[in-house]
Asks: 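Have a look at this one.
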Amino acid sequence: MIIILILLLSTLSAQAFEIKGARVNYHGSHILHDWVGISNDLKGRVFIDNDQSEYFVELNVPLRSFSSKNSNRDSNMLFATEALDYPTITFKSTSINIFKDSVKVVGNLSFHGVSKKIESTAKFQLSNDFSAKGSFKINLSDYDIERPTLMFIKIDDEIKIEYFIK
């Protein structure tokens with residue numbers, strides 16, 4: 001996800017870099033409508049060793065930072081995810097493979113007190129600035145989250161997560 005920084009900073013010695021200024025979207029769905037919750041509060045760090053053979057990414061986003069522009073839905077999301085007990089979603093990489101214009105990141109996503117392995121491929125571009133974007137999907141049931149209902153019908157189990165880094 002944050003691998004673009006690795007490419008841009010590859011000439012530096014071993015350092016940890018703090019990341020700020022990214023966006024995470026989650027896409028939810030119900031038979032009656034779809035929605036997007038957006039957070040601009042993705043934080044984290046990247047570690048690069050001296051010979052550029054080891055990379056590490058650690059990211060986190062507070063659940064309270066997501067907005068779907070519907071306060072009732074956002075409140076229900078915080079209740080369903082038990083945000084008071086589990087306020088943050090975190091990701092820690094276990095492997096990173098860099099390709100020509102993309103990176104494959106594998107790691108553990110911790111959400112609602114459960115940690116699961118996920119994989120994501122991010123596309124990136126280098127110019128005056130850099131940008132990276134990628135996505136992956138999770139199932140709420142894999143994280144022991146009771147799905148909210150609307151008119152006695154549960155929301156879909158699958159949630160698509162997108163991330164954008166500039």
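These numbers come from a predicted model, not from an experiment.
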Asks: Taking everything shown except Ile153 itself, do over 12 heavy atoms lie less than 6.0 Å from its CD1?
Replies: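 It does: Ile153 CD1 has more than 12 such atoms within range.
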Asks: Could you pull out the closest heavy-atom pair between Ser102 and Lys123, with the gap in Å?
Replies: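 The pair with the smallest heavy-atom distance is CB-CD, 4.1 Å.
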Asks: Could you walk me through whether Arg23 and Ile38 pass the side-chain contact (heavy atoms from CB on, under 4.5 Å) test, one step at a time?
Replies: CA-CA 7 Å; Arg23 185 175 84 226; Ile38 300 170; 3.5 Å; yes
Asks: Of all residues at least two apart in sequence or in a different chain, which pass the salt bridge (Lys or Arg N to Asp or Glu O under 4.0 Å) check with Lys116?
Replies: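 Per chain and number, Lys116 pairs via salt bridge (Lys or Arg N to Asp or Glu O under 4.0 Å) with no residue.
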Asks: Is any side-chain heavy atom of Ile155 closer than 4.5 Å to a side-chain heavy atom of Leu140?
Replies: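 With C-beta onward as the side chain, the pair touches.
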Asks: Step by step, work out the side-chain contact (heavy atoms from CB on, under 4.5 Å) result for Phe136 and Leu109.
Replies: CA-CA 11 Å; Phe136 57 93; Leu109 182 75; 4.0 Å; yes
Asks: Measure the shortest side-chain to side-chain distance between Phe111 and Thr90 over non-hydrogen atoms and say whether it is less than 4.5 angstrom.
Replies: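 Side-chain contact under 4.5 Å: no.
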Asks: Calculate, to the nearest 0.5 Å, the distance between atoms CZ and CG belonging to Arg147 and Asp156 respectively.
Replies: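 These two atoms lie 7.5 Å from each other.
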Asks: Testing the basics here: between Val61 and Ser65, what is the closest heavy-atom pair and its distance to 0.1 Å?
Replies: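 Minimum heavy-atom contact is CG2-OG, 3.6 Å.
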Asks: For the side chain of His112 and the backbone of Tyr143, is there at least one donor-acceptor N/O pair under 3.5 Å apart?
Replies: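 Yes, His112 side chain to Tyr143 backbone: donor-acceptor pair under 3.5 Å.
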Asks: What's the shortest heavy-atom distance between His30 and Leu150, and which atoms?
Replies: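 Smallest interatomic distance, heavy atoms only, reads NE2-O, 3.2 Å.
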Asks: May I ask you to test the Val106-Lys117 pair for a side-chain heavy-atom distance under 4.5 Å?
Replies: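 Heavy-atom side-chain distance check passes, below 4.5 Å.
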Asks: Ignoring hydrogens and geometry, is there a side-chain-to-backbone donor-acceptor pair from Asp74 to Ser68 under 3.5 Å?
Replies: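 Yes, Asp74 side chain to Ser68 backbone: donor-acceptor pair under 3.5 Å.
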Asks: Could you check if a side-chain atom of Val57 sits within less than 4.5 angstrom of a side-chain atom of Ile96, using non-hydrogen atoms only?
Replies: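 Result yes, sub-4.5 Å side-chain heavy-atom pair found.
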Asks: Do the side-chain N and O atoms of Ser141 and Asp157 include a donor-acceptor pair separated by under 3.5 angstrom?
Replies: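 Per modelled atom types, Ser141 and Asp157 side chains form a pair under 3.5 Å.
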Asks: Before giving the answer on salt bridge (Lys or Arg N to Asp or Glu O under 4.0 Å), spell out for Glu162 and Lys133 the whole-Å C-alpha distance, their side-chain angles and the decisive distance to 0.1 Å.
Replies: CA-CA 7 Å; Glu162 295 177 308; Lys133 68 178 182 175; over 6 Å; no
Asks: Of the non-hydrogen atoms in Leu59 and Leu42, which two are nearest, and what is the gap between them?
Replies: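 Between these two residues, the closest heavy atoms are CB-CD1, 4.0 Å.
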Asks: Hey, are Tyr163 and Ser120 close enough side-chain-wise for a donor-acceptor pair under 3.5 Å?
Replies: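 Distance-only check passes for Ser120 and Tyr163.
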Asks: Just checking Arg64: does its CZ atom have more than 12 heavy atoms from other residues, nucleotides or ligands closer to it than 6.0 angstrom?
Replies: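 No, CZ of Arg64 has 12 or fewer neighbouring heavy atoms, counting only those of other groups under 6.0 Å.
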Asks: Keeping the roles fixed (side chain from Ser93, backbone from Gly107), state whether a donor-acceptor pair exists under 3.5 Å.
Replies: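 Not a single qualifying donor-acceptor pair exists.
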Asks: About how many Å separate CG of Leu78 and OH of Tyr86, when rounded to the nearest 0.5 Å?
Replies: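 Separation between the atoms: 15.0 Å.
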Asks: Has the side chain of Asn70 got a donor or acceptor atom that lies under 3.5 Å from a matching backbone atom of Asn72?
Replies: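 Checking the backbone N and O of Asn72 against the side chain of Asn70, a donor-acceptor pair under 3.5 Å is found.
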Asks: Are the side chain of Thr81 and the backbone of Met77 linked by a donor-acceptor contact shorter than 3.5 Å?
Replies: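 At least one qualifying donor-acceptor pair exists.
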Asks: Using a 4.5 Å cut-off on heavy atoms from C-beta on, say whether the side chain of Lys160 contacts that of Ser135.
Replies: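 Sidechains of Lys160 and Ser135: in contact.
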Asks: Any side-chain heavy atom of Val36 within less than 4.5 Å of one from Phe66?
Replies: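 No, too far: nothing below the 4.5 Å cut-off.
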Asks: Can you tell me how far apart OH (Tyr26) and CD1 (Ile161) are? Round to the nearest 0.5 Å.
Replies: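 Tyr26 atom OH to Ile161 atom CD1 measures 9.0 Å (nearest 0.5 Å).
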Asks: Considering only heavy atoms from C-beta outward, does the side chain of Val103 approach that of Thr121 to under 4.5 Å?
Replies: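 No, side chains not in contact.
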Asks: Distance check, rounded to the nearest 0.5 Å: Ile89 atom CD1 versus Leu63 atom CG?
Replies: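 Going from CD1 on Ile89 over to CG on Leu63, the span is 4.5 Å.
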Asks: Considering only heavy atoms from C-beta outward, does the side chain of Phe91 approach that of Glu58 to under 4.5 Å?
Replies: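 No - every pair of side-chain heavy atoms lies 4.5 Å or more apart.
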